[in-house]
Amino acid sequence: MYFEIKNDALKSIKNSLKKLNYEIPEDIKLEFPPNPKMGDLSTTVSFQLAKKLKMSPMDITTKIMENIETSEIFDRVKSKGPYINFFINYDLFSKKLLETVSDNCGKLPSTGKKIVLEHTSANPNGPLHIGHIRNSIIGDSLKRLLKTAGNEVDTQYYVNDMGRQIAMIVFGMEKLGLNIDEDLAENYKNNENQLDNKIDHQIGQLYFKVNEYINENNDQKIEVDNLIKTYESGSNPEKDKVFEKAVNDCLTGVKQTLSKLNVVHDDFIWEGRFVRNGDVDNLVKDLIATDYTKADEVLCLDLEDFGIEKELVLRRSDGTSLYSTRDLAYHKWKSEQGDSVLDILGSDHKLAIKQISIALNLLDEKSPEVIFYEFIILPEGSMSTRRGVFISVDELIEEAISRANKEIKDRRVDLDEEEINKISEEIGIGAIRYFISKVSPEKHITFKWDEALSFERGCASIQYAHARACKLLEKCGHFDLNEEKLSLSSDKIEDNWNLNDSEMDLIRTIAKFPLVVEESANMMRVHPIAQYAQDLASAFNKFYKSEQVLGCEIESARLLLVDKARIAIKNSLNLLGVAAPTKM
RNA sequence: GCCCUGAUAGUGUAGUUGGAUAACACGUAGGAUUGCGGAUCCUAUUCCCCGGGUUCAAGUCCCGGUCAGGGCACCA
């Protein structure tokens with residue numbers, strides 16, 4: 001709705017400027033006044049013009065005001081100082097809104113663009129820990145946001161099957177006799193209470209032990225190197241199977257975890273394929289042709305001309321490839337899969353991705369757009385799979401759900417076990433996803449249980465607003481709770497509906513949703529959505545508290561308003577990958 | 001040492017085209033339920049790290065500090 005209103009306001013301003021023979025600035029600034037009492041939209045165009053016209057902003061505003069005409073959606077337009085403020089006609093606006101908001105509210109028209117989005121891509125050498133979760137949650141929310149904003153999005157998990165880590169795991173299994181207990185892993189699937197048995201956790205423990213062993217027996221490193229060489233050459237199919245199984249096992253566990261968080265990838269791309277299919281070799285050849293490579297002891301790419309002192313090593317002296325070389329081949333491939341490439345990366349990858357971007361430019365390929373995030377650390381310090389110091393995402397999920405469970409049991413004695421479990425899960429997962437998505441990625445997060453999982457501050461209150469709306473609608477008799485559908489047409493809106501403050505505020509907030517989607521998608525940021533969902537819930541709660549809906553004179557109008565609020569809350573939560581329970 | 005990021009009420013955060021009275025949540029202190037769920041609402045409280053500069057206008061841009069985190073591998 002605001003898109004249309006903004007256009008109308010813009011047209012009014014332009015017409016007025018035209019009449020005055022003033023120059024029309026290319027982008028006339030329109031913003032929201034600090035307080036709705038001051039208007040619904042305002043422009044600072046007079047400031048913009050002051051210098052060119054050699055007039056004071058105040059005088060320009062006076063002139064504009066003498067000539068301005070507005071469309072009927074605005075009640076009036078008033079100046080305050082040099083600001084020009086537009087006031088919406090809420091009788092018209094609210095009816096229009098209630099007529100137009102539908103189930104897919106927030107969805108923008110197609111851009112025709114395809115984005116390849118890589119996120120999570122954690123090494124398959126252990127379970128996801130709460131450091132990884134920021135990547136997954138930002139990535140998955142961004143996917144939802146960009147899709148809603150009209151893009152086609154393909155999400156990929158880049159699987160590091162060829163790195164030293166996996167070789168170490170294979171080494172541990174073959175040389176140290178460490179093994180994965182399949183029965184225990186299977187056992188976990190059937191009754192999820194022994195996290196240590198979960199297959200990716202078993203692999204994590206194995207990896208930790210191998211690290212300890214190698215640290216004490218440095219001479220054994222050569223064995224690991226040999227394993228890397230063998231796997232990379234593809235000369236030993238038996239060995240390949242061992243590698244592949246280890247990776248797949250770990251991935252099985254990782255996928256279980258992600259799916260609980262409502263995170264699903266479209267593709268899993270194994271880095272090994274880029275070595276096996278010759279892409280890495282070809283890429284190295286192409287880079288040599290650019291004359292930027294140097295071959296001293298090893299082959300590397302000299303990036304000094306681009307302001308990077310550190311050269312990028314392309315091959316080990318034993319001829320095997322490195323992570324960054326394979327990643328380069330992967331990026332080249334990705335850039336051919338869509339119109340743009342988007343990576344979600346921890347800020348520790350900043351230098352590496354910069355090197356990769358420059359190399360891609362040398363090869364005339366698109367470089368990726370990157371969203372960096374800072375680390376989540378524990379109060380006692382940073383996490384490490386290698387050192388075995390971390391809180392796993394599975395632990396976090398268990399704790400979140402169990403806290404939600406306790407909470408809901410206290411409040412709802414009327415619900416059966418199955419319902420309670422389902423709702424606890426929705427609330428627990430919501431708390432986690434909301435906690436991460438509400439802060440901007442460049443901010444450091446120190447993880448504290450109570451802050452991450454508090455239901456007072458956070459997501460549960462938004463979900464509660466949704467549940468409340470559903471309950472109210474259910475009582476009116478025209479609402480199907482299973483289908484979540486209100487059968488009440490907008491021509492039932494009463495003619496004598498004069499909106500009060502809380503209604504206007506709610507209308508305004510709902511109407512903003514597509515605007516928030518557009519702006520957030522443009523910035524590729526999800527935390528404004530979290531804030532918006534909170535604002536929406538708050539506007540709804542205020543309305544709910546101050547106005548009676550059922551049995552009032554304007555029941556139809558208010559029921560429709562509640563229904564639209566419900567949809568907006570649900571859809572905004574959905575952008576964050578958070579469920580909207582109909583009761584809780 | 002060089003490079004990158006952060007610093008906003010007691011706490012955690014928003015504030016990205018420079019614009020009006022800096023927003024939200026929690027905390028604390030009060031208050032609200034004869035009506036649809038109190039996981040709610042209302043009131044009070046308190047903030048732009050320091051020093052310069054640009055501008056009609058700076059939390060926002062520029063320069064110089066301080067503190068915190070990260071990066072600078074034949075690791076990923």
Side-chain angles (χ1 to χ4, degrees), chain A residues 27 29 31 33-35 38 42 44 47-48 50-51 56-57 80-83 85 121-123 125 160 162-166 225 271 297-300 307-310 313-324 326-327 346-352 354 372-375 377 382 385-386 407-408 410-412 427 435 438-446 448 451 454-465 467-469 471-476 502 519 522-523 525 527-528 530-531 534-535 537-538 540-552 558-559 562 583-584:
Chain A
D27 69 320
K29 292 177 186 173
E31 48 201 39
N35 183 326
M38 297 162 72
S42 77
T44 52
F47 291 103
Q48 283 173 272
K51 208 164 239 173
S56 78
K80 186 170 181 194
Y83 296 90
N85 299 325
S121 302
N123 279 326
N125 62 346
N160 304 139
M162 223 164 227
R164 166 154 265 123
Q165 284 92 335
I166 306 307
D225 291 342
E271 62 174 343
E297 295 133 43
V298 289
L299 182 69
C300 59
I308 296 179
E309 290 169 36
K310 218 65 213 172
V313 179
L314 296 171
R315 276 199 191 294
R316 294 197 180 94
S317 50
D318 67 1
T320 54
S321 63
L322 284 113
Y323 173 82
S324 17
R326 300 187 295 266
D327 200 19
S347 62
D348 54 335
H349 284 65
K350 274 186 182 171
L351 178 62
K354 205 168 172 187
F372 293 107
Y373 61 90
E374 292 296 329
F375 280 14
I377 58 164
S382 58
T385 316
R386 185 166 44 81
E407 199 80 14
I408 193 165
D410 285 350
R411 293 169 200 263
R412 299 291 298 263
I427 294 175
F435 173 70
K438 74 177 178 186
V439 320
S440 55
E442 65 271 15
K443 215 90 169 182
H444 307 105
I445 294 180
T446 304
K448 291 176 189 136
E451 282 175 17
S454 162
F455 303 115
E456 305 303 319
R457 66 183 85 184
C459 196
S461 64
I462 301 168
Q463 292 172 313
Y464 177 68
R468 242 179 166 187
K471 181 67 175 220
L472 197 159
L473 289 167
E474 193 188 2
K475 284 206 166 171
C476 85
S502 72
E519 285 174 356
N522 286 343
M523 299 188 290
R525 286 179 167 263
H527 69 266
Q531 182 63 49
Q534 172 75 250
D535 291 346
S538 166
F540 174 76
N541 279 328
K542 273 173 205 167
F543 161 78
Y544 184 95
K545 196 73 180 183
S546 61
E547 312 308 328
Q548 188 176 348
V549 176
L550 297 178
C552 74
R558 284 188 175 155
L559 279 173
V562 170
K583 50 181 141 172
M584 60 188 276

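Remember, it's a predicted structure, so these values are computed and weren't measured experimentally. Just so it is clear: chains get the letters A, B, ... in the order the sequence lines come, proteins before strands, and each one is counted from 1.
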Original post:
Whom does B/U46 pair with, Watson-Crick or G-U wobble, provided both distances fall under 3.5 Å?
Top reply: none

Original post:
For B/A25, which nucleotide in any strand shown is its Watson-Crick or wobble partner with both distances under 3.5 Å?
Top reply: B/U11

Original post:
What does B/U54 pair with, Watson-Crick or G-U, if both distances are under 3.5 Å?
Top reply: none

**OP:** Look at all strands and tell whether A/S42 reaches a base, only sugar-phosphate, or nothing, counting heavy atoms closer than 4.0 Å.
**Re:** base

Subject >> Between B/U40 (P) and A/K471 (NZ): distance, integer Å >> reply: 18 Å

Original post:
side-chain contact (heavy atoms from CB on, under 4.5 Å) between A/N85 and A/K80: does it pass, once the steps are laid out?
Top reply: CA-CA 7 Å; A/N85 299 325; A/K80 186 170 181 194; 3.9 Å; yes

**OP:** When you get a sec, tell me which of B/U21, B/C74, B/C36 is the closest nucleotide to the side chain of A/N35?
**Re:** B/U21

**OP:** Would you indicate what A/E442 reaches in the nucleic acid, counting non-hydrogen atoms under 4.0 angstrom: base, sugar-phosphate, or nothing?
**Re:** sugar-phosphate

Original post:
Mind checking the C1' distance from B/G10 to B/C75? Whole angstroms is fine.
Top reply: 43 Å

**OP:** Under a 3.5 Å limit for both distances, which nucleotide forms a Watson-Crick or G-U wobble pair with B/C67, could you say?
**Re:** B/G6

Subject >> Complementary nucleotide for B/C72 - Watson-Crick or wobble, under 3.5 Å >> reply: B/G1

**OP:** Measure from the side-chain heavy atoms of A/D535 and tell me the nearest of B/C24, B/U13, B/U17.
**Re:** B/C24

Subject >> Per A/I408 side chain, nearest of listed nucleotides B/A39, B/U21, B/G19 >> reply: B/A39

**OP:** May I ask you to say what A/V439 touches in the nucleic acid, namely base, sugar-phosphate or nothing, with a heavy-atom cut-off under 4.0 Å?
**Re:** sugar-phosphate

Original post:
What's the CZ-P distance between A/F372 and B/G6, to the nearest Å?
Top reply: 12 Å

Original post:
Any donor-acceptor pair under 3.5 Å linking the side chain of A/R525 with the backbone of A/S440?
Top reply: no

Subject >> Among B/G15, B/A20, B/U11, the nucleotide that comes nearest once only the side chain of A/H527 is considered >> reply: B/G15

**OP:** Please measure how far the C1' atom in B/C36 lies from the corresponding atom in B/U11, and state the result in whole Å.
**Re:** 35 Å

Original post:
If you look at every strand shown and take non-hydrogen atoms under 4.0 Å, does A/E519 touch a base, only sugar-phosphate, or nothing?
Top reply: nothing

**OP:** With RNA chain B as reference, determine whether A/K448 or A/P33 sits nearer its 5' end, using the nearest nucleotide of each.
**Re:** A/K448

Original post:
B/U33 pairs with which nucleotide, Watson-Crick or G-U wobble, both distances below 3.5 Å?
Top reply: none

Original post:
For A/D410, which contact category applies under a 4.0 Å heavy-atom criterion: base, sugar-phosphate, or nothing?
Top reply: nothing

**OP:** Remember a base hit wins even if backbone is also touched, and classify A/I427 as base, sugar-phosphate or nothing at under 4.0 Å, heavy atoms.
**Re:** base

Original post:
Going through the checks in order, is the side-chain contact (heavy atoms from CB on, under 4.5 Å) test met by A/I166 and A/N160?
Top reply: CA-CA 8 Å; A/I166 306 307; A/N160 304 139; 5.7 Å; no

Subject >> Closest listed nucleotide, where the reference is the side chain of A/Q165 and the choices are B/C75, B/U40, B/G37 >> reply: B/C75

**OP:** Rounded to the nearest 0.5 Å, what's the gap from CD on A/E309 to CG on A/L351? Could you check?
**Re:** 10.5 Å

**OP:** Whole angstrom is fine here: how far is it from CD in A/E474 over to P in B/G37?
**Re:** 10 Å

**OP:** Look at the side chain of A/K438 and the base of B/U13, then say whether one donor and one acceptor between them are separated by less than 3.5 Å.
**Re:** no

Original post:
Separation of A/Q534 atom CD from B/C41 atom C1', in whole Å?
Top reply: 14 Å

**OP:** Kindly indicate whether a cation-pi arrangement holds for A/R468 with A/Y544, taking the cut-offs as under 6.0 Å to the six-membered ring centre and within 45° of the axis.
**Re:** yes

Subject >> B/G59: pairing nucleotide in any strand, Watson-Crick or G-U under 3.5 angstrom >> reply: none

Original post:
Whole-Å distance between B/A57 C1' and A/K29 NZ?
Top reply: 11 Å

Original post:
The side chain of A/R468 lies closest to which of these nucleotides: B/G6, B/G38, B/G12?
Top reply: B/G38

Original post:
A/R525 near the nucleic acid: base, sugar-phosphate alone, or nothing, with a heavy-atom cut-off under 4.0 Å?
Top reply: base

Considering only nitrogen or oxygen atoms on both sides, find all protein atoms under 3.5 Å from nucleotides 69-73 of chain B and state each distance.
unit_1: B/A73; atom_1: OP2; unit_2: A/K310; atom_2: NZ; d: 3.3

**OP:** Establish, with yes or no, whether the OP1 or OP2 oxygen of B/G37 is under 4.0 angstrom from a side-chain nitrogen or oxygen of A/K475.
**Re:** yes

Original post:
side-chain contact (heavy atoms from CB on, under 4.5 Å) between A/I427 and A/M584: does it pass, once the steps are laid out?
Top reply: CA-CA 9 Å; A/I427 294 175; A/M584 60 188 276; 3.7 Å; yes

**OP:** Using whole Å, report how far OH of A/Y83 lies from P of B/C56.
**Re:** 15 Å

**OP:** Kindly state whether the pair A/Y464 / B/U40 counts as stacked, where counting means centroids closer than 5.5 Å and planes tilted less than 30° apart.
**Re:** no

**OP:** Taking only the side-chain heavy atoms of A/S317 (C-beta and beyond), determine which of B/A76, B/G38, B/C74 contains the nearest atom.
**Re:** B/C74

Subject >> Side chain A/R316, main chain A/L322, donor-acceptor under 3.5 Å >> reply: no

**OP:** Check every atom of B/A20, B/C75, B/U5 against the side chain of A/R316 and return the nucleotide holding the closest atom.
**Re:** B/C75

Subject >> From NZ (A/K29) to CD (A/Q48), nearest 0.5 Å >> reply: 5.0 Å

Subject >> Nucleotide B/U13, atom C1' - distance to OH of A/Y373 in whole Å >> reply: 20 Å

Subject >> Between CZ on residue A/F372 and CD on residue A/E442, distance to nearest 0.5 Å >> reply: 12.0 Å

Original post:
Which base sits across from B/G18 as a Watson-Crick or G-U pair, both distances under 3.5 Å?
Top reply: none

Subject >> Polar side-chain atom of A/E271 near backbone of A/Y323 as donor-acceptor pair, under 3.5 Å >> reply: no

Original post:
A/E547 CD to B/A32 P: how many Å, rounded?
Top reply: 21 Å

Original post:
What nucleotide among B/G18, B/C56, B/G37 has an atom nearest to a side-chain atom of A/K51?
Top reply: B/C56

Original post:
Counting side-chain heavy atoms from CB outward, which of B/G37, B/A39, B/G19 is closest to A/R412?
Top reply: B/G37

**OP:** Using a 4.0 Å heavy-atom cut-off across all strands, classify A/N541 as base, sugar-phosphate, or nothing.
**Re:** sugar-phosphate

